[in-house]
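Residue numbers run from 1 in the order of the sequence given.
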Amino acid sequence: MMLTVFRPVRVKKGKQVRERMYRGKFRLDPREPIQYVALHRTDKECARVRLKEIAEETQKERDGLLPSKSLRDAKAKKLADHLNDYLAGLEKLGRNRKYVGGIRQRFEAIMKATGWTYAKAITSDSFDTWQRQHTAAANTLNRYLEAVRGFLNWMVKRGRLPANPLVSVERVKTAGKETIRRRVESEENLRNLIAKSGNRGVAFHFAIITGLRRGEIGQVRWDDLNLEGEHPFVHVRASTAKNGKDANQPLSASLVSALKRLRPDKASGTDRVFRGLIPRMPRFRKDLEAAGIPYKNAKGEVFDFHALRHTLNTMLGVRGVPLNMRMLIMRHNDSRLTLKTYMHNEHLDAWAVVNALPALGGSDAHIDAHANGPEGPKVSFNGSIEKNNLLVQPIEIEVNDAECPPLSESVQSAKWCALQGSNLR
């Protein structure tokens, strides 16, 4: 081991001047480069002692006998200070204030309830205890877990924690524990809702075709809309999107016509398209009542504004649209959301699909095979099969709609966007 202390020399006004503070250089292995460190000492003997301490700490870190300096420093830092650093990083990455504020609110609530002050206090047992005592819904508890895990993963990546202490904590099962069970309405009811809600109907139409959430729709400006050309779309800005990503959502022809009729003559590009047209729940219930749609059915399932997003995914699923295309249109990164959370399987006609399979036995098998042709029956998802009043027809929500094309305009536009490399997530 090589240890040397010295006072650096610098040139001042043409003369060489030695600095007051000592610096050190050391090397633990002759095959390694020399390391230089500031000792912050003016006494030579004190500087030698400090350099020896630094070299010994470095050796212990290498041998696994001592945590790294970054971990030791992080251990002495309050958890609230780490959280501020994490949130500042998220803001720098462009995450919106609502998202960042939500993470702060969740983590601070857990810190207060569990007594976490320093990182060493975070354990899976303490989190499990808090989770059991909390009365929130399963989905809410899972959002808390995701927020804390994201923060702790960041600390691990930055060398502030050796490992995530909550890696073994499992998500709360949500099946059968939903506080709000949403449903999908028939296309006839959707047309009635749009037709009888005035200009608010355009907002409902927009929500069904684009799949945007209430908050995202409220941020749409006129200059976000491209209503001309063969493939019209709405640009979803990353700053307004829940996932923090830019996207171009395709618009159907009838929706484009409705938006053009809605736009005031003197509207500027920065004006919000649906200002005053996204109703709160009391007004939405009145619109439902005018369309003959119950807010809550006999099963306790509700039809609220967010159910319009469920409607889009279910319509796509009923029509046999491939999963990757549905994820693209819904802007989902997790296929489980597309297949489970936002898909209402009661609208799928399993009977029609099974009944179209080849006849493999029985006295009438040869008759069925003859009727279906040499290649057997063919199953089509573009027909007019009806399941729970949700017709398997092209998506086109329009009052007095004309004959629909083979596929919905929104799906065709989505294919175009995918080919063009648009960021539909």
Side-chain angles (χ1 to χ4, degrees), residues 90-91 93-102 194 197-280 284 305-306 308-313 315-316 325-333 342 395-398 408-425:
L90 291 180
E91 290 179 346
L93 292 174
R95 304 309 294 265
N96 60 55
R97 290 185 179 180
K98 184 177 180 181
Y99 175 82
V100 174
I194 292 171
S197 302
N199 285 340
R200 290 186 303 279
V202 183
F204 303 154
H205 192 173
F206 188 87
I208 295 170
I209 295 299
T210 65
L212 268 64
R213 302 167 182 85
R214 175 194 288 268
E216 294 170 336
I217 294 174
Q219 297 296 321
V220 173
R221 303 180 307 209
W222 285 110
D223 55 11
D224 293 326
L225 298 176
N226 185 338
L227 304 181
E228 305 300 333
E230 186 179 355
H231 302 289
F233 63 89
V234 56
H235 176 66
V236 184
R237 287 169 279 125
S239 60
T240 66
K242 183 180 179 181
N243 63 2
K245 297 179 180 180
D246 284 304
N248 289 333
Q249 293 294 102
L251 304 176
S252 66
S254 62
L255 178 55
V256 169
S257 298
L259 289 168
K260 287 181 177 179
R261 292 193 299 268
L262 178 68
R263 180 165 187 167
D265 294 335
K266 297 182 179 180
S268 68
T270 57
D271 289 345
R272 295 186 181 181
V273 176
F274 300 104
R275 185 172 184 177
L277 298 181
I278 305 176
R280 295 184 180 276
F284 186 69
F305 194 92
H306 198 68
L308 301 175
R309 181 168 166 81
H310 287 241
T311 297
L312 171 61
N313 185 62
M315 284 181 166
L316 296 172
M325 180 63 73
R326 289 162 60 191
M327 292 178 64
L328 197 68
I329 296 172
M330 294 295 294
R331 293 175 296 136
H332 283 161
N333 291 323
Y342 286 89
I395 303 173
E396 188 54 57
I397 307 300
E398 181 181 17
S408 72
E409 297 176 39
S410 63
V411 174
Q412 290 177 352
S413 298
K415 286 185 177 180
W416 168 78
C417 287
L419 291 173
Q420 296 297 318
S422 297
N423 186 21
L424 285 171
R425 297 284 193 287

Original post:
With side chains defined as the heavy atoms from C-beta onward, is the minimum distance between N313 and R309 less than 4.5 Å?
Top reply: no
Original post:
Quick one: CD on E216 to CG on D224, what's the gap to the nearest 0.5 Å?
Top reply: 12.0 Å
**OP:** Kindly determine whether V234 and V220 satisfy side chain to side chain contact (heavy atoms under 4.5 Å, CB included), including the steps that lead there.
**Re:** CA-CA 8 Å; V234 56; V220 173; 4.1 Å; yes
**OP:** Output the distance between atom NZ (K266) and atom CG (D271), rounded to the nearest 0.5 Å.
**Re:** 12.5 Å
Original post:
Does some side-chain heavy atom of K245 sit less than 4.5 Å from a side-chain heavy atom of N333?
Top reply: yes
Original post:
Can you name the closest pair of heavy atoms from Q249 and V236 and give their distance?
Top reply: CG-CG2, 3.9 Å
Original post:
Taking the side chain as C-beta and beyond, is there a heavy-atom pair between L259 and L225 under 4.5 Å?
Top reply: yes
Original post:
Is any side-chain heavy atom of H306 closer than 4.5 Å to a side-chain heavy atom of R214?
Top reply: no
Subject >> Sidechain-backbone polar pair: E91 side chain, R97 backbone, donor-acceptor under 3.5 Å >> reply: no
Subject >> Minimum-distance pair of heavy atoms, taken over all atoms of P250 and I209 >> reply: O-CG2, 4.2 Å
**OP:** Measure from the side-chain N and O atoms of R237 to the backbone N and O of Q219, and report whether any donor-acceptor pair falls under 3.5 Å.
**Re:** yes
Subject >> Minimum side-chain heavy-atom gap Y342-R326 below 4.5 Å >> reply: no
Original post:
L251 versus T210: any side-chain heavy-atom pair under 4.5 Å?
Top reply: yes
Original post:
Would you say E228 and K260 make side-chain contact, with heavy atoms under 4.5 Å?
Top reply: yes
Original post:
Got a second to check how far F305's CZ is from I217's CD1, nearest 0.5 Å?
Top reply: 4.0 Å
Original post:
Of the non-hydrogen atoms in S252 and H205, which two are nearest, and what is the gap between them?
Top reply: OG-NE2, 4.2 Å
Original post:
Looking only at heavy atoms, what is the nearest atom pair of N248 and H235, with distance?
Top reply: OD1-ND1, 2.9 Å
**OP:** Using the six-membered ring wherever Trp is involved, compare the ring planes of F284 and F204 and label them parallel, tilted or perpendicular (cut-offs 30° and 60°).
**Re:** perpendicular
**OP:** Nearest 0.5 Å please: distance from the CG atom of L212 over to the CE atom of M330.
**Re:** 10.0 Å
Subject >> Minimal non-hydrogen separation, R221 against V273, with atom names >> reply: C-CG2, 3.5 Å
Original post:
Going by heavy atoms in the side chains, are L308 and F206 under 4.5 Å from each other?
Top reply: no
Original post:
Between R200 and L277, which heavy-atom pair has the shortest distance, and what is it?
Top reply: CG-O, 3.4 Å
